[in-house]
Amino acid sequence: MGGWTTIVAGSHHRKTRFHDEKGNRVDFGGMAYAVPAFFSALAKVAFGIRPVRPMISYRGQRELDRLIRSDWRVVEFGSGRSTPWLAGRCAFVLSIEDNPDWHRTVGEILRARRLDNVRHELRGVERYADLSDQPDGSFDLALVDGTDRTGCVASAVSKIKPGGWLYLDNSDKDMTVENGDLRRAEAALRQAVAQRGGSLRAFTDFSPTNFFAEQGLLARL
């Protein structure tokens with residue numbers, strides 16, 4: 001990828017930094033988040049500073065912050081700075097991670113913040129998406145942002161209460177990959193929404209530390 005392409009688009013998968021990989025351009029409301037995205041990206045590169053918040057769409061975060069209640073049970077696939085953010089807003093978080101080093105780092109953050117309402121599991125790929133030990137309808141929200149997103153969506157749907165929510169991050173990815181994981185995950189989510197009579201909302205804007213547009217999908221099931 002040439003230097004000009006890097007500056008304008010961020011990668012060869014999008015037209016410009018203001019387009020997601022599906023070709024959707026950030027709308028006027030989403031442009032407001034370009035400024036915090038730029039400065040958080042600069043802080044990350046220059047000083048290694050990362051905000052303690054989910055690395056998902058700013059508008060997606062804002063909507064989740066509005067929705068989450070103190071009695072909610074949440075499952076997230078892919079732990080990170082989202083984990084303490086969620087734990088500070090709900091009753092319980094099941095957080096699943098498959099990278100040992102990152103699992104250790106997030107565990108240290110949780111201990112430093114004395115958050116004891118998180119079950120933080122390190123799993124191999126073969127068990128990553130498995131929620132068979134959880135009762136159906138036992139979660140209010142699933143955040144899918146890790147390995148095997150197709151499997152995570154399929155596993156999480158039955159565990160979410162009627163009227164509950166699922167957020168699929170990076171839903172604009174794998175556009176050039178035949179039968180890619182994100183394309184199958186989105187298809188599975190859309191099918192679940194249709195079967196359960198739910199609704200689906202797409203967010204195309206910026207996320208913390210990433211000065212380029214991405215899409216996330218928030219489904220009500």
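Position 1 is the first residue of the sequence, and the numbers go up from there.
Atoms CZ and CZ, on Phe211 and Phe39 in that order, are 9.5 Å from each other to the nearest 0.5 Å. Once rounded to the nearest 0.5 Å, the distance linking CG of Leu189 with SG of Cys152 reads 12.5 Å. Interatomic distance, CG of Asp169 versus CZ of Phe77, reported as 14.0 Å (0.5 Å rounding). The distance from the CZ atom of Phe92 to the CZ atom of Arg73 is 5.0 Å, given to the nearest 0.5 Å. If you take OG on Ser155 and CZ on Arg149, they are separated by 15.5 Å, rounding to the nearest 0.5 Å. The CD atom of Glu63 sits 10.5 Å away from atom CD1 of Ile68, with the distance rounded to the nearest 0.5 Å.
Within the 4.5 Å cutoff, side-chain heavy atoms of Leu94 are placed close to those of Leu131. Side-chain contact between Asn179 and Arg184 is present, with at least one heavy-atom pair separated by less than 4.5 Å. The closest side-chain heavy-atom distance from Glu76 to Ile96 is not below 4.5 Å. Residues Leu42 and Phe47 form no side-chain contact, since every pair of their non-hydrogen atoms from C-beta on lies 4.5 Å or further apart. Within the 4.5 Å cutoff, side-chain heavy atoms of Ile56 are placed close to those of Leu64. Ser95 places none of its side-chain heavy atoms less than 4.5 Å from the side chain of Val106. In this structure, His19 and Asn24 have side chains that are not in contact, with every pair of non-hydrogen atoms separated by 4.5 Å or more. Pro84 is listed as a side-chain neighbour of Leu110, based on a closest heavy-atom distance under 4.5 Å.
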Task: Criterion salt bridge (charged side-chain N to carboxylate O under 4.0 Å, His left out) on Arg59 and Asp205, from CA distance to verdict - done: CA-CA 7 Å; Arg59 284 190 287 194; Asp205 59 68; 3.0 Å; yes

Open item on the list: Between Val93 and Arg119, does the side-chain contact (heavy atoms from CB on, under 4.5 Å) criterion hold? Intermediate values first, please.
Closed with: CA-CA 6 Å; Val93 179; Arg119 182 171 138 193; over 6 Å; no

TODO: Go through Tyr167 and Ser57 one step at a time and tell me if the side-chain contact (heavy atoms from CB on, under 4.5 Å) criterion holds.
DONE: CA-CA 11 Å; Tyr167 188 91; Ser57 154; 3.5 Å; yes

- [ ] Apply the test side-chain contact (heavy atoms from CB on, under 4.5 Å) to residues Thr83 and Leu115: give CA-CA distance (whole Å), side-chain angles for both, the deciding distance (0.1 Å), then the verdict.
- [x] CA-CA 10 Å; Thr83 312; Leu115 293 167; over 6 Å; no

Open item on the list: Evaluate Val193 against Leu221 for side-chain contact (heavy atoms from CB on, under 4.5 Å), listing each step before the verdict.
Closed with: CA-CA 6 Å; Val193 168; Leu221 299 170; 3.8 Å; yes

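Of all heavy-atom pairs between Ser40 and Thr209, the closest is OG-N, 2.7 Å. The heavy-atom pair separating Ala37 from Ser207 by the smallest distance is CB-O, 3.8 Å. Residues Ala41 and Asn210 share a closest heavy-atom pair of CB-N, 4.4 Å. When all heavy atoms of Val26 and Gly30 are compared, the closest pair comes out as CG1-C, 3.4 Å. In this structure, Gly60 and Phe203 approach most closely via the heavy-atom pair N-CD2, 3.8 Å. The nearest pair of heavy atoms linking Leu200 to Ala219 is CD1-CB, 3.5 Å.
Judged by the 6.0 Å and 45° rule, Arg123 forms no cation-pi pair with Tyr128.
In this structure, Asp136 pairs ionically with Lys159, as a charged nitrogen and a carboxylate oxygen lie closer than 4.0 Å. With salt bridges taken as basic N to acidic carboxylate O contacts below 4.0 Å, one links Asp140 and Lys161. In this structure, Asp71 does not pair ionically with Arg89, as no charged nitrogen and carboxylate oxygen lie closer than 4.0 Å. Here Asp174 does not pair with Lys22 in a salt bridge; the nearest charged N to carboxylate O distance is not below 4.0 Å.
The hydrophobic cluster containing Leu67 does not contain Ile160, counting ILVMFWY residues as joined when their side-chain heavy atoms lie under 4.5 angstrom apart, directly or transitively. Linking ILVMFWY residues whenever their side-chain heavy atoms come closer than 4.5 Å, directly or via other members, places Leu166 and Phe139 in the same cluster. With hydrophobic clusters built from ILVMFWY side chains whose heavy atoms lie under 4.5 angstrom apart, Leu182 shares a cluster with Val157. One hydrophobic cluster, built from ILVMFWY side chains closer than 4.5 Å, holds both Val75 and Val153. Hydrophobic clustering, with ILVMFWY side chains joined whenever heavy atoms are under 4.5 angstrom apart, keeps Phe206 apart from Leu218.
Evaluated for a side chain to side chain donor-acceptor pair (under 3.5 Å) with Lys173, the options His13, Glu21, Gln215 yield exactly one hit, Glu21.
Annotation: side chain to side chain donor-acceptor pair (under 3.5 Å) contacts of Tyr33 (sequence neighbours excluded): Arg62. Checked against salt bridge (charged side-chain N to carboxylate O under 4.0 Å, His left out), Arg183 has the following partners two or more places apart in sequence or in another chain: Glu186.
The closest donor-acceptor contact from the side chain of Asp20 to the backbone of Thr204 lies at 3.5 Å or more, if one exists at all.
Judged purely by distance below 3.5 Å, without hydrogens or angles, the side chains of Ser79 and His120 pair a donor atom with an acceptor atom.
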